[in-house]
Amino acid sequence: MDQEKRPDISDDSLLFTPKRVGMHQIKNRLIALPVHTGFARPDGHASPWLTTFYEGLAGSGVGMVVVANTAVSLDGVVSRYNLRADTDAFIPGLSHLAAAIKKNGATACIQLNHAGRFAKTDTPLLPFPMSHSDLSFNVESLKGFMEFFPFEERFHLTREFLYKIKAWGHAMTPAEQERVIDDFAQAAFRAYQAGFDMVELHGANGYLLCQYLSSFTNKLESGPGGDFPRRCTFPLRVVQAVKKHLPPNFPVGFRILLREWVPGGIDLTEALAFARLLEKEGIAYLSASTGTFNSIFSRHAITEMGKRAYLRQDTRTLTQSVVIPTIISGRITTPSVADKLLREGTADFIGLGRPLRCDPGWVKKARAKAGTGKIRVCTNCNACLKRVILEKGFICSRWPRLYQEKSKLAHKLLTRTDKSLWLIEGPRDMSTFKQCLPLLLKDAGHGTAPLSMLFLRDAYQNQLFDTEKSSFIKWAEDVYKENDLGDATPVNVMETSREKWEETIHQVILKGSYGKIFLGSAQDRAWPKRVLYRERGKVAALLSESRFQRRILVPVDLSDATLLIMEFLKKGYMTADGFIITFVHVLTGRQEPAMQRWSGLKSIAGFGKAVPLELIHGNTDVVPALADIIHSGNHGTIIMGKRGLSGIKRWLLGSVSSGVLARLTDQSLFLID
């Protein structure tokens, strides 16, 4: 085992001195720890926002960035927005992510994980079924977990937690154990192919590797269970398989749990013994952690984890027990504390998790002379953790408001696609779509997502409909080819009764992940309007044949929903020639705050400063005021937000968009939810 011995600690600061880990020289002692963000796409691919986020961490000046919680299999994801590495299809996105980190001079590491019993799946994998002896502790854990959230969130979370516990009734089979071991190995090789410098195995937080090690979750009496040496078997086999699939000198780190804080769980003595076994297997570094999702919401854990550098003593003991480098974590909030930990020999590297997310300038301020930059200290409010658990994406409460809103927008866009679905009932709709071609082409924007058409056939339609349908499909394909917008392939032709149309449409939209729904508008049809309001998180449009369709009115309320409208416009109409776009806001308060808000929204959306906002002054009812502007200004297209009101709320309170819709004549209406 060729490991570098720990040097003597001098009186000089070690924060910005290099240190070798395996074959790589880390430029300084500061590590961006893996903190789950929920910024991956729902299909597991790296999103542009996730890549930008990690690129920013690398640009902060740290020596190494560890990408958090990358699932090695689909049944190992911890959230809907989990980064994945379980097939070769993920390699290009991971490669782009690794390159973004390395271009800023940081070493790129990726953390591989299987969530085990905490996975977001109906059939979670776990070493051993939940024991009745642990039921009371799990219920108590649930209570602490619930009290962590606002009352309105608790019912949904309680139900989800109880469903999860109910699914903890089956132990992994030997075949499943072998499959997961291979999943880790294959994912590690993909990380290597993608250009990462290291991989880290996640053995903390109560996830699968930790579950096998702990007698709290692993009560097997044979195989990879029983006494401590046998409970080490499964995670050590994962380490061996991973290293076998990688080049000989490729570093593999391990996120190790030092204390589990559960009955009969991992304690420091077992953690140190396991650490020495990992060292013998050639693990390149150990990154210290404590607590699991079964324990971190207890009063004891919250108190302990609220202290600065709360892992100081345990990590020092770990560091003294092994030769390989160690990373300390746990609320290291200021450079002076970090420097002292290094000088004391507590660890070889300083892990910055939430402190670095709270203040991305942490490292640069640490380099600066005393007094030239005050650290924005993480207050341990746990707002970021709550958002991630609720699958709303990581946001720090101490970030500037505009950056928080930009991050919220980016997370909302993760579920939105540019896939378009045209709903065609008959020849009248075909004519409308042809007349509205300018709107459809500019809406396609920069994307090349294939076009889908859903033809709604009724019993009375005859061969003439089929002929017109074929001609319309050919027209659409030619239009897409001429404008280089990608493939145009109809995906479905339905033959169903009227009573089932809307549910069938909903299922097609759901299964096809369509982000944009287009319907022909007609005053004598009610179902298109119902579809317009039923579909959530979409762009839905009722098209009409106005000769002023290029004159677009965009009513905005200056809420967060306005950003979705601006994002939609930015991809198409804002950059297109021949469109006249007017933004309007009905003023219900003072003008100055409204214009300041508009300026902030433009900054977030990347709009030019010159984009104006027209204000309607006075205590005017919003709907009549907008209707007057629409008709007097000859606006043929209206693009506005839906604000996500439920049907009951719209019935009780009404909504601006439904009021506007009722007053339209031949205008097209786009609703963005």
Side-chain angles (χ1 to χ4, degrees), residues 41-45 74-75 77 79-81 120-123 156 159-160 163 391 412-426 428-430 432-433 440 443-444 447 449-461 465-466 469-470 472-473 476 486-522 525-543 564 568 642-651 657-658 661 669-673:
R41 296 188 187 280
D43 61 6
H45 286 271
L74 181 57
D75 59 10
V77 300
S79 82
R80 183 186 181 192
Y81 304 98
K120 198 171 186 65
T121 174
D122 293 333
T123 54
H156 164 73
R159 181 178 59 181
E160 187 173 294
Y163 278 138
E391 300 204 298
K412 289 178 182 177
L413 295 176
L414 293 177
T415 58
R416 295 169 187 266
T417 74
D418 287 329
K419 293 178 65 177
S420 295
L421 178 66
W422 294 3
L423 299 178
I424 312 293
E425 183 180 359
R428 180 171 55 181
D429 286 342
M430 298 179 200
T432 297
F433 273 81
L440 298 170
D443 169 75
L451 165 66
S452 299
M453 299 181 196
L454 186 58
F455 289 88
L456 308 177
R457 175 184 290 279
D458 208 344
Y460 66 84
Q461 290 169 337
F465 174 81
D466 290 329
K469 180 189 70 177
S470 298
F472 181 75
I473 292 171
D487 298 327
T489 306
V491 295
N492 197 4
V493 177
M494 287 193 303
E495 294 189 24
T496 183
S497 63
R498 282 185 179 273
E499 290 76 16
K500 297 180 180 179
W501 277 9
E502 292 173 47
E503 183 58 34
T504 304
I505 290 169
H506 177 67
Q507 292 302 321
V508 169
I509 293 171
L510 192 66
K511 293 177 181 178
S513 298
Y514 295 105
K516 299 173 182 177
I517 317 301
F518 296 91
L519 309 95
S521 176
R525 296 188 302 177
W527 70 265
K529 298 174 184 178
R530 291 195 295 268
V531 171
L532 190 72
Y533 278 96
R534 177 174 183 175
E535 302 306 326
R536 306 298 299 270
K538 313 287 184 185
V539 175
L542 283 179
L543 301 176
L564 289 172
F568 172 73
K642 189 164 62 174
R643 294 298 302 275
L645 289 178
S646 68
I648 293 177
K649 286 183 179 179
R650 287 199 310 275
W651 180 70
S657 60
S658 60
L661 176 60
L669 176 65
F670 285 69
L671 287 188
I672 300 176
D673 183 28

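Every value quoted in this text rests on a predicted model; they were computed, and no experiment measured them.
Taking CG of Leu671 as the reference point, atom OG of Ser658 lies at 9.0 Å (rounded to 0.5 Å). Here the CG atom belonging to Asp429 is positioned 10.0 Å from the CZ atom belonging to Phe455, to the nearest 0.5 angstrom. Here the straight-line distance linking atom NE2 of His506 with atom OG1 of Thr504 works out to 11.0 Å at 0.5 Å rounding. To the nearest 0.5 Å, the span separating CG on Asp43 from CG on Leu414 amounts to 10.0 Å. Between atom CG of residue Leu454 and atom CD of residue Glu425 there is a gap of 11.5 Å, rounded to the nearest 0.5 Å.
Two residues are said to be in side-chain contact when any heavy atoms from C-beta on lie closer than 4.5 Å; Arg534 and Val531 fail this criterion. You'll find the side chain of Leu661 reaches within 4.5 Å of the side chain of Leu532, heavy atoms only. Ile509 places a side-chain heavy atom less than 4.5 Å from the side chain of Leu421. Looking at heavy atoms from C-beta onward, Leu413 lies in side-chain contact with Leu564 at the 4.5 angstrom threshold. Looking at Val77 and Thr121, their side chains never come closer than 4.5 Å, going by heavy atoms from C-beta outward. Looking at Thr415 and Arg80, their side chains come closer than 4.5 Å, going by heavy atoms from C-beta outward.
Among all heavy-atom pairs drawn from Phe472 and Met430, the shortest one is CE1-O, 3.5 Å. For Ser513 against Lys419, the heavy-atom pair with the smallest separation is O-CD, 3.9 Å. Minimum interatomic distance between Leu440 and Phe433 (heavy atoms only, all atoms of both residues): CD1-O, 3.5 Å. Minimum heavy-atom separation, Leu542 to Ser521: CB-CB, 3.9 Å.
When the side-chain hydrogen bond (donor to acceptor under 3.5 Å, both in side chains) test is applied to Thr432, the partners found at least two apart in sequence or on another chain are Glu545. Take Arg530 and apply the side-chain hydrogen bond (donor to acceptor under 3.5 Å, both in side chains) test, not counting sequence neighbours, and it matches Glu502. A search for side-chain hydrogen bond (donor to acceptor under 3.5 Å, both in side chains) contacts involving His45 returns nothing, not counting sequence neighbours.
Remark: of the listed residues Arg416, Arg536, Lys538, Arg536 is the sole one forming a side chain to side chain donor-acceptor pair (under 3.5 Å) with Asp673.
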Item to complete: Using the side-chain contact (heavy atoms from CB on, under 4.5 Å) rule, take Glu535 and Tyr514 through it: C-alpha gap first, then chi angles, then the decisive distance, then the call.
Response: CA-CA 10 Å; Glu535 302 306 326; Tyr514 295 105; over 6 Å; no
